[in-house]
Undergrad: 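Just dropping this structure here.
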Amino acid sequence: MILQAGGITHYYKNDLALDNVNFEAKKGEFIAIVGESGSGKSTLLSILSSLLLPSKGELFFEGKAYTLIKDIDAFRQKEVGFIFQFHYLIGYLTILENIKLAAINKNSTYIDTLFEQCGIEAIKHKYPDEISGGQRQRAAIVRALVNTPKIIFADEPTGNLDSRNSQTIYKLFKTLSKSGTTIIIATHDRHVSDYADKIIEVKDGKII
Ligand SMILES: Nc1ncnc2c1ncn2[C@@H]1O[C@H](COP(=O)(O)OP(=O)(O)OP(=O)(O)O)[C@@H](O)[C@H]1O
Ligand SMILES: [Mg+2]
């Protein structure tokens, strides 16, 4: 098991957002968290990815408790990749410069391979506002992959894409998961069931 979470409960002030959630992910598994707006998907994803500390509960990465990970910054930078609904690429930098900003190892052969894999090698010298939404989203995926993370977390990665672009991204996630990267995404899009290994539904802060 690469990731295990037990008894995760989270309150925002006095409002219960997650209620005693258990979660497990195996290496190379592609898991989709689905559910209505406000059900708790983003909260769960933020907690699983170590960005948000839960009010209660335990988390383990490769059997080690998150609270025992000495350098959480290095953990977030090296072991985990994040993709958010809004890509947060820097508008003053080209796509390649954005990627290099995030990369620990600036080796361009490896970065070029990722661009090819994501099908956006042609736009690497363009600026974020010169390319399409789908290309920006794929650029954000390249950035998430650049430090060869073991797990990728994505919150609504296809939120503003049409179905053809969404499918390209799901296919890419599927390929990545087959080569051993664990993928955990939150989405409204039920079409993800054609690609994911496991679908988890959240309702009112509980897994159903
Ligand atoms: N920063 C916050 N402060 C207070 N309440 C919050 C905060 N973030 C989320 N909530 C509340 O927690 C609950 C779960 O929200 P969450 O964002 O996890 O839902 P979601 O399933 O991701 O929804 P969506 O599909 O709209 O993104 C909701 O009731 C929401 O209003
Ligand atoms: Mg959300």
Side-chain angles (χ1 to χ4, degrees), residues 2-25 29-61 66-67 72-73 75-76 79-89 128 133-134 136-141 143-145 149 151-170 172-174 176-177 181-208:
I2 190 162
L3 183 65
Q4 279 172 295
I8 302 292
T9 296
H10 194 70
Y11 289 91
Y12 290 107
K13 302 237 167 68
N14 293 318
D15 296 333
L16 183 63
L18 284 180
D19 186 3
N20 196 22
V21 167
N22 299 314
F23 181 95
E24 283 186 341
E29 214 170 14
F30 177 4
I31 300 177
I33 302 169
V34 302
E36 284 172 17
S37 179
S39 57
K41 302 181 296 296
S42 296
T43 305
L44 179 58
L45 207 66
S46 308
I47 290 171
L48 295 175
S49 61
S50 83
L51 296 179
L52 176 67
L53 189 69
S55 310
K56 222 162 73 186
E58 290 184 310
L59 287 144
F60 300 89
F61 179 79
Y66 279 25
T67 47
I72 195 77
D73 300 315
F75 170 75
R76 290 179 187 132
E79 313 281 28
V80 175
F82 302 97
I83 302 162
F84 301 97
Q85 177 168 6
F86 302 101
H87 53 80
Y88 302 116
L89 296 164
R136 280 196 288 268
Q137 200 59 275
R138 279 180 275 167
I141 294 174
R143 183 179 54 186
L145 289 172
I151 302 200
I152 299 215
F153 293 95
D155 198 356
E156 304 282 359
T158 59
N160 39 19
L161 300 183
D162 60 32
S163 72
R164 196 173 61 86
N165 272 303
S166 300
Q167 283 179 20
T168 309
I169 287 176
Y170 293 147
L172 183 62
F173 285 156
K174 181 137 197 122
L176 287 167
S177 76
T181 311
T182 306
I183 313 273
I184 303 174
I185 75 169
T187 183
H188 282 108
D189 183 4
R190 301 245 162 207
H191 290 114
V192 74
S193 60
D194 297 342
Y195 302 91
D197 299 314
K198 198 154 98 186
I199 308 275
I200 286 176
E201 184 167 354
V202 185
K203 192 166 192 241
D204 300 331
K206 289 193 171 93
I207 287 182
I208 56 168

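Indexing begins at 1, ligand by ligand and atom by atom, following the structure's order.
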Undergrad: Tyr66: what forms a ring pair (Phe, Tyr, Trp, His ring centres under 6.0 Å) with it, not counting sequence neighbours?
TA: Phe75
Undergrad: Which protein non-hydrogen atom lies closest to atom 8 (N) of ligand 1, naming both residue and atom, and how far is it?
TA: Tyr12 CZ, 3.4 Å
Undergrad: Which ligand 1 atoms does Thr43 reach within 4.0 Å, using its non-hydrogen atoms?
TA: 14 (C), 15 (O), 16 (P), 18 (O)
Undergrad: Please confirm whether His188 approaches ligand 1 to less than 4.0 Å, judged on its heavy atoms.
TA: yes
Undergrad: Step through the shown structure and confirm whether more than 12 heavy atoms of other residues, nucleotides or ligands are within 6.0 Å of NE2 on His188.
TA: yes
Undergrad: For atom 25 (O) of ligand 1, what is the nearest protein heavy atom, given as residue, atom name and distance?
TA: Lys41 NZ, 2.7 Å
Undergrad: Does the protein place any heavy atom closer than 4.0 Å to atom 31 (O) of ligand 1?
TA: no
Undergrad: What distance separates Phe84 CZ from Phe153 CZ, expressed to the nearest 0.5 Å?
TA: 10.5 Å
Undergrad: Kindly list each side-chain donor-acceptor pair under 3.5 angstrom involving residues 40-50, sequence neighbours excluded, with atom names and distances?
TA:
from  : atom 1 : to     : atom 2 : distance (Å)
Lys41 : NZ     : Gly35  : O      : 2.8
Lys41 : NZ     : Glu36  : O      : 3.1
Ser42 : OG     : Asp155 : OD1    : 3.4
Ser42 : OG     : Asp155 : OD2    : 2.7
Thr43 : OG1    : Tyr12  : OH     : 2.9
Ser46 : OG     : Ser42  : O      : 2.7
Ser49 : OG     : Leu45  : O      : 2.8
Ser49 : OG     : Ser46  : O      : 3.2
Ser50 : OG     : Arg76  : NE     : 3.2

Undergrad: With a 4.5 Å cut-off on side-chain heavy atoms, are Pro149 and Glu79 touching?
TA: no
Undergrad: Strictly under 2.8 Å of the Mg ion (ligand 2): which protein N/O/S atoms qualify?
TA: Ser42 OG
Undergrad: How far does CD1 of Ile152 sit from CG of Leu145, to the nearest 0.5 angstrom?
TA: 4.0 Å
Undergrad: So if I count the atoms of ligand 1 from 1 in the order they appear, which ones are less than 4.0 Å from some heavy atom of Glu36?
TA: 21 (O)
Undergrad: For the atom pair CD (Gln137) and OG (Ser166), what is the distance rounded to the nearest 0.5 Å?
TA: 9.0 Å
Undergrad: Around atom 26 (O) of ligand 1, find the nearest protein heavy atom and jot down its residue, atom name and distance.
TA: Ser37 OG, 2.6 Å
Undergrad: So if I count the atoms of ligand 1 from 1 in the order they appear, which ones are less than 4.0 Å from some heavy atom of Ser42?
TA: 17 (O), 18 (O), 20 (P), 22 (O), 27 (O)
Undergrad: Compare Gly40, Gly38, Ser46 and give the one whose heavy atom is closest to atom 13 (C) of ligand 1.
TA: Gly38
Undergrad: Name each donor-acceptor pair under 3.5 Å that joins a side chain in residues 195-208 to protein atoms two or more places apart or in another chain, with its distance.
TA:
from   : atom 1 : to    : atom 2 : distance (Å)
Asp197 : OD2    : Phe30 : N      : 2.8
Lys198 : NZ     : Glu24 : O      : 3.4
Lys206 : NZ     : Asp19 : OD2    : 3.1

Undergrad: Drop me the distance from His10's NE2 to Leu52's CG, to the nearest 0.5 angstrom.
TA: 4.0 Å
Undergrad: Take Ile185 and Phe173 through the test side-chain contact (heavy atoms from CB on, under 4.5 Å) and record every step on the way to the result.
TA: CA-CA 10 Å; Ile185 75 169; Phe173 285 156; 3.9 Å; yes
